[in-house]
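Every chain is numbered from 1 and lettered A, B, ... according to where its sequence line falls, protein lines coming before strand lines. For clarity, every value in this text was computed on a predicted model and none was experimentally measured.
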Amino acid sequence: MGAFVNPRWLVGSAAVAAFLVVWQIVGANEIIRSDLVSYPTEIAASARELAASGELGANALATLREFAEGFAPAIVVGVLLGLGFALSKIVRNLFEPLFVAMYTAPLIAFVPLLVVWFGVGSTSKSVTTFLAAVVPIAINTTTGVRETQESWIRACRAFGATRAQIVAKAILPGALPVVMAGLRLAVGRAIVGVVAAEMYVSTLGVGRLIQTYSTAGRAAEIFVLVGVVAGFGFVCVGLLRVLENRLAPWRARA
Amino acid sequence: MSERAQSLVLGVLGFALLIAAWEICARNGLVNPVVVSSPSRIAAAFARQWASGDLATDLATSAVEFAVGFGAAMVAGVAIGLAMGLNRFVEYAVDPFVWFVYASPLIAFYPLLIVWLGFGFATVVTVAFLLSFVSIAVNTLAGVHAVDPSHMRAVLAFGGGKRDLVFKVVLPASVPHILAGARIGLGRALHGVVLGEMFGSNDGLGYSITRYAAQLKTADVFVPLITLVVLGVAINQASGLLEARLLRWRA
């Protein structure tokens, strides 16, 4: 293998290619019922169809909006709560157990209740996203602030910084990497949460679409939609990485 | 008061405040008690479901599904992680598939699972297994990578074979990583059981939640829900204690 070919990449793509070929042969020749496993060319055709009809675009946009409406407030509330937990022992002891309980419990179990409270529309999905995201963000912010190097804070104090300045100049930047890791966790949980909530009951969205094609027994469309959701996750995590390098360039990996 | 006692008291106080505020709001009509329910209604529902045996049945069903799903994930996760860690080509070839399983919303495939495996037990166990095994495999792989090569060389120098290498060096040295993966896997397996029951079963705590919610019996929804929250916390605490015990020799 030459110096310019990464063996990880080479072997990985060869394995994926081999898998696709076998899948194509098995599916297209009905060795396994193709309505159950589908096959790559059928999936590609379905993807084109879903995109061209506008069905995918409208539903993806609805999911994206629900996601954004839940995730943005989750960042603000999560970071503030995390700061509160880290800076006040009383706040932490009062409320952290509740948060840890929320974190270890399967979030999806709350969805039926949220639907009763907020209706079958987009609000219950935004609330699901919010709850899925706010907990890991708050917990990681707490950890990040606690792990901020004592020496940074002492340096600020030595130069006469106020409490607000210490938070802004030492604690928040110091906590940033751990907060970003929390955001990555939150993205994963929130995406699964919003899609599962839409699958449970909704009027619009990618999860709704998955449910529609599920009941119609259309494996090809399900694969397309799962790919769209996974792709959205990759894009989000990639964006977070770019953001982290911008906000904390001193930590950027070589 | 010691630090520990103080945090315990405040933690209990936090729960008590929440419950009291909720009950007061419900009694005074600040929130609709039929829709939002209230602690006293939930307690009554709890007693009802316990007396009828419904709760015990649901709990037993979910517990068995959880144990089977997580057990299988543990075996498969460690085996796959070991295979990947011991052979670079296996690692490179399996890696993209592991990532796909980890990153995609697997529950979307539940209708296909139902056709293959039938409605109920097997589908729920499979969802729990799929959600759980990847974190165990990935952590096992990290554990194998972190093995001290000098220990491996020592085994080989004293005439040990590949078998000795795996069972006497690699596996014991990977235990901390495997346990960390198992802890994540436990949470994901519980999540998988609930997802599987909500979408692909007529039994268990997850199904109970959807059934009571569809009947708008909010107080009854809280019974399996709170049971799941307590279960999640208990599993997490127990695995933390077990981890600390098993890793005592490393201290």
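In this structure, the portions of B:Val36 lying under 4.5 Å from any heavy atom of chain A include both its backbone and its side chain. For a residue to count as touching a neighbouring chain, one of its non-hydrogen atoms must lie under 4.5 Å from one of that chain's; by this rule B:Leu195 touches chain A with backbone and side chain alike. Contact of A:Arg92 with chain B is not made at all, since no heavy-atom distance falls under 4.5 Å. In this structure, chain A has heavy atoms under 4.5 Å from both the backbone and the side chain of B:Pro105. If you measure heavy-atom distances from B:Tyr212 to chain A, you find no contacts under 4.5 Å at all. Interface remark: B:Leu225 contributes side-chain atoms only to the contact with chain A (heavy atom separation under 4.5 Å). The parts of B:Val35 that come within reach of chain A are both its backbone and its side chain, each placing non-hydrogen atoms under 4.5 angstrom from that chain. Of the atoms belonging to B:Tyr110, it is side-chain heavy atoms, and not backbone ones, that fall under 4.5 Å from chain A. Contacts of A:Glu96 with chain B are absent, with no heavy-atom separation under 4.5 Å from either backbone or side chain. Heavy-atom distances place no part of A:Tyr103 under 4.5 Å from chain B, backbone and side chain included. Only the side chain of B:Glu91 comes within less than 4.5 Å of a heavy atom of chain A; its backbone N, CA, C and O stay farther away. Looking at B:Leu8, there are no atoms closer than 4.5 Å to chain A (heavy atoms on both sides), in backbone or side chain. Using a 4.5 Å cut-off between heavy atoms, A:Phe234 touches chain B through its side chain atoms alone.
Rounding to the nearest 0.5 angstrom, the gap separating the CG atom in B:Leu13 from the CD1 atom in A:Ile90 is 10.5 Å. To the nearest 0.5 angstrom, A:Ser214 atom OG is 9.5 Å from B:Phe199 atom CZ. Interatomic distance, A:Ile108 CD1 to B:Leu228 CG, rounded to the nearest 0.5 Å: 11.5 Å. Atom CG of B:Leu17 is separated from atom CG of A:Leu98 by 10.0 Å, given to the nearest 0.5 angstrom. How far CG of A:Leu113 is from CZ of B:Phe222: 4.5 Å, rounded to the nearest 0.5 Å. In this structure, A:Arg218 CZ and B:Leu112 CG are separated by 11.5 Å, a value rounded to the nearest 0.5 Å.
Of all the listed residues (B:Asn236, B:Val221, B:Ile107, B:Thr210), the one sharing the greatest number of non-hydrogen pairs under 4.5 Å with chain A is B:Thr210. Highest contact tally toward chain A, considering only B:Leu18, B:Val194, B:Leu205, is held by B:Val194 [criterion: heavy-atom pairs under 4.5 Å]. Looking only at heavy-atom pairs under 4.5 Å with chain A, the residue among B:Val230, B:Val115, B:Leu216 that has the most is B:Val115. Highest contact tally toward chain A, considering only B:Gly232, B:Pro111, B:Ser37, B:Pro96, is held by B:Pro111 [criterion: heavy-atom pairs under 4.5 Å]. Per-residue heavy-atom pair counts under 4.5 Å with chain B were compared for A:Leu225, A:Ile222, A:Val201, and the maximum is reached by A:Ile222. Of the listed residues (B:Phe100, B:Phe97, B:Tyr92), the one with the most heavy-atom contacts under 4.5 Å to chain A is B:Tyr92.
Listed here is the closest heavy atom pair of A:Tyr200 and B:Ala213: OH-CB, 4.0 Å. Minimum heavy-atom separation, A:Pro106 to B:His191: CB-CA, 3.7 Å. Closest non-hydrogen pair, B:Phe15 versus A:Pro97, comes out as CE1-CB, 3.7 Å. Shortest non-hydrogen contact noted between A:Ala15 and B:Ala93 is CB-O, 3.5 Å. The nearest pair of heavy atoms linking A:Ala109 to B:Ile209 is O-CG2, 3.6 Å. Closest of all the heavy-atom pairs between B:Trp116 and A:Val37 is CZ2-CG1, 3.4 Å.
Put simply, the side chain of A:Pro112 reaches to within 4.5 Å of the side chain of B:Met198, judged on heavy atoms. You'll find the side chain of A:Trp117 reaches within 4.5 Å of the side chain of B:Thr218, heavy atoms only.
Of the options A:Val226, A:Val229, A:Val228, a side chain to side chain contact (heavy atoms under 4.5 Å, CB included) to B:Ser104 is made by A:Val226 and by none of the others.
Between B:Phe109 and A:Phe223, the ring-plane angle classifies as tilted under the 30° and 60° cut-offs.
Annotation: B:Arg211, atom CZ; neighbour count of heavy atoms from other residues, nucleotides and ligands within 6.0 Å is above 12.
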